[in-house]
Amino acid sequence: ELKVEQNPLFLSMQEGKNYTIYCNYSTTSDRLYWYRQDPGKSLESLFVLLSNGAVKQEGRLMASLDTKARLSTLHITAAVHDLSATYFCAVINTGTASKLTFGTGTRLQVTL
Amino acid sequence: DTAVSQTPKYLVTQMGNDKSIKCEQNLGHDTMYWYKQDSKKFLKIMFSYNNKELIINETVPNRFSPKSPDKAHLNLHINSLELGDSAVYFCASSLAGPGEQYFGPGTRLTVT
């Protein structure tokens with residue numbers, strides 16, 4: 001069974017600092033997604049990574065995928081308070097009934 | 001225009017009652033899902049329908065029964081509600097198969 005782990009689970013960082021969230025998964029997959037969830041809100045799609053070496057950037061967030069290491073990273077550059085949210089990675093397992101398996105989530109708190 | 005909508009947004013009910021949650025998407029997607037998010041924010045897929053056909057039925061109690069009258073709608077009926085059913089339930093849709101998914105606003109179910 002596919003397992004998806006994120007670390008850290010909770011991250012408190014100051015505005016202006018850089019940090020990376022890690023997403024490890026246990027079986028082969030070449031499709032990975034990052035979502036953002038604000039408190040009490042729905043999930044919003046951030047990035048779709050479809051191949052080994054894929055890198056996507058949007059504002060202060062940059063996501064990458066290494067399918068050989070089964071690892072994706074979400075890098076935050078010069079954090080701002082508006083980035084405070086919970087971030088989920090999700091991986092598709094290939095098989096007879098493909099589904100999206102979500103990571104544990106990383107709660108990011110950016111302080112002034 | 002709301003892409004994926006759910007009703008109701010909040011649902012408070014007593015143990016033993018039966019309740020339904022409705023979901024509609026206007027994206028023209030073929031695949032729809034129900035997810036459960038528990039108090040620790042962990043997201044787990046419950047069901048998936050592709051063009052009205054049940055594709056994924058995770059280990060979910062028989063008290064939960066999805067129904068898809070057409071590919072734009074996926075409803076969730078829950079019988080004999082239990083305290084442990086309290087959670088946020090998200091509906092989602094994707095174009096075809098388990099690709100990038102678009103989530104509804106969620107239904108917060110509280111069983112007392």
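Each chain gets a letter, A, B and so on, in the order the sequences are listed, and its residues count up from 1.
- Under a 3.5 Å cut-off, the side chain of B/Tyr33 and the backbone N or O of A/Leu100 do not form any donor-acceptor pair.
- When all heavy atoms of B/Phe103 and A/Ser42 are compared, the pair lying nearest together is CB-OG, 3.3 Å.
- By the criterion of side-chain heavy atoms lying less than 4.5 angstrom apart, applied directly or through intervening Ile, Leu, Val, Met, Phe, Trp or Tyr residues, B/Ile78 is grouped together with B/Val111 in one hydrophobic cluster.
- Considering only heavy-atom pairs separated by less than 4.5 Å from chain A, the leading option among B/Ser48, B/Ser94, B/Gly99, B/Gly106 is B/Gly99.
- Within 6.0 Å of atom CG in B/Asp70, more than 12 heavy atoms from other residues, nucleotides or ligands are found, so the atom counts as buried in its surroundings.
- Proximity to chain A (any heavy atom under 4.5 Å) is restricted, for B/Ile45, to the side chain, taken from C-beta onward.
- Between B/Lys41 and A/Phe88, some side-chain heavy-atom pair lies under the 4.5 Å cut-off.
- In this structure, A/Gln109 places its CD atom where more than 12 heavy-atom neighbours from other residues, nucleotides or ligands lie under 6.0 Å away.
- Under the 4.5 Å side-chain heavy-atom criterion for grouping Ile, Leu, Val, Met, Phe, Trp and Tyr, A/Val55 is not connected to A/Leu50 through any hydrophobic cluster.
- Contacts of A/Glu44 with chain B are absent, with no heavy-atom separation under 4.5 Å from either backbone or side chain.
- Within 6.0 Å of atom CD in A/Glu15, more than 12 heavy atoms from other residues, nucleotides or ligands are found, so the atom counts as buried in its surroundings.
- Interatomic distance, OG1 of A/Thr104 versus CG of B/Leu43, reported as 11.0 Å (0.5 Å rounding).
- Taking the six-membered ring for Trp and the full ring otherwise, the centers of A/Phe102 and B/Tyr35 sit less than 6.0 Å from each other.
- Residue A/Met62 is not grouped with residue A/Leu108 when hydrophobic side chains (ILVMFWY) are merged at heavy-atom distances under 4.5 angstrom, including chains of intermediate members.
- For B/Lys71, the NZ atom is densely surrounded, since the number of other residues' heavy atoms within 6.0 Å is greater than 12.
- If you measure heavy-atom distances from B/Gln37 to chain A, the contacts under 4.5 Å come from the side chain alone.
- A distance of 13.5 Å separates NZ in A/Lys99 from CD1 in B/Ile55, rounded to the nearest 0.5 Å.
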